[in-house]
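Note sheet for the following structure.
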Amino acid sequence: MAKYALKVIQFFIMKMLGYKYVVNNKSREIHLLKYKHTNFDIYSIADYSFVKNDCDLDFYYRDFNGCRFCLPELDTDKNNFVEIDE
């Protein structure tokens, strides 16, 4: 529980310092720090990096995709769903 609380504080401080994105290095997804959504707990990310601005984020665009909840315009997985006829 203490680790979780420390991570919440760290994310808050990074937001206050002007960081806009957190990158999940394991799932290779980019998340916005300013949004909290019910489908994903941003504090559960174990291997992450903070990104301050859009210019720095360009580095990740090639190999990472956006979270489908907070960055749907960068989500490259959205067209990979296959509908199953029943």
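For the pair Asp75 and Arg68, the tightest heavy-atom approach, listed with the atom from each and the gap, is OD2-CB, 2.9 Å. Heavy-atom minimum distance, Leu32 versus Tyr21: CD2-CE2, 3.3 Å. The two residues His31 and Cys70 have their closest heavy-atom pair at CA-SG, 3.7 Å.
Within 6.0 Å of CZ on Phe69 lie more than 12 heavy atoms contributed by other residues, nucleotides or ligands.
The line from NZ of Lys20 to CG of Asn53 is 7.5 Å long, rounded to the nearest 0.5 Å. Interatomic distance, Tyr19 OH to Leu33 CG, rounded to the nearest 0.5 Å: 10.5 Å. The line from CZ of Arg28 to CG of Asn65 is 10.0 Å long, rounded to the nearest 0.5 Å.
Taken together through direct or relayed side-chain contacts under 4.5 Å among Ile, Leu, Val, Met, Phe, Trp and Tyr, Met16 and Ile9 form parts of separate hydrophobic clusters.
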Side chain to side chain contact (heavy atoms under 4.5 Å, CB included) between Phe11 and Lys15, worked out: CA-CA 6 Å; Phe11 277 50; Lys15 259 197 283 192; 5.8 Å; no
Please list, one pair per line, the donor and acceptor atoms closer than 3.5 Å that link side chains of residues 43-51 to other protein atoms, with sequence neighbours excluded.
{"residue": "Ser44", "atom": "OG", "partner": "Asp41", "partner atom": "O", "Å": "2.6"}
{"residue": "Asp47", "atom": "OD1", "partner": "Asn25", "partner atom": "ND2", "Å": "3.4"}
{"residue": "Tyr48", "atom": "OH", "partner": "Gln10", "partner atom": "OE1", "Å": "2.5"}
{"residue": "Ser49", "atom": "OG", "partner": "Asn25", "partner atom": "ND2", "Å": "3.0"}

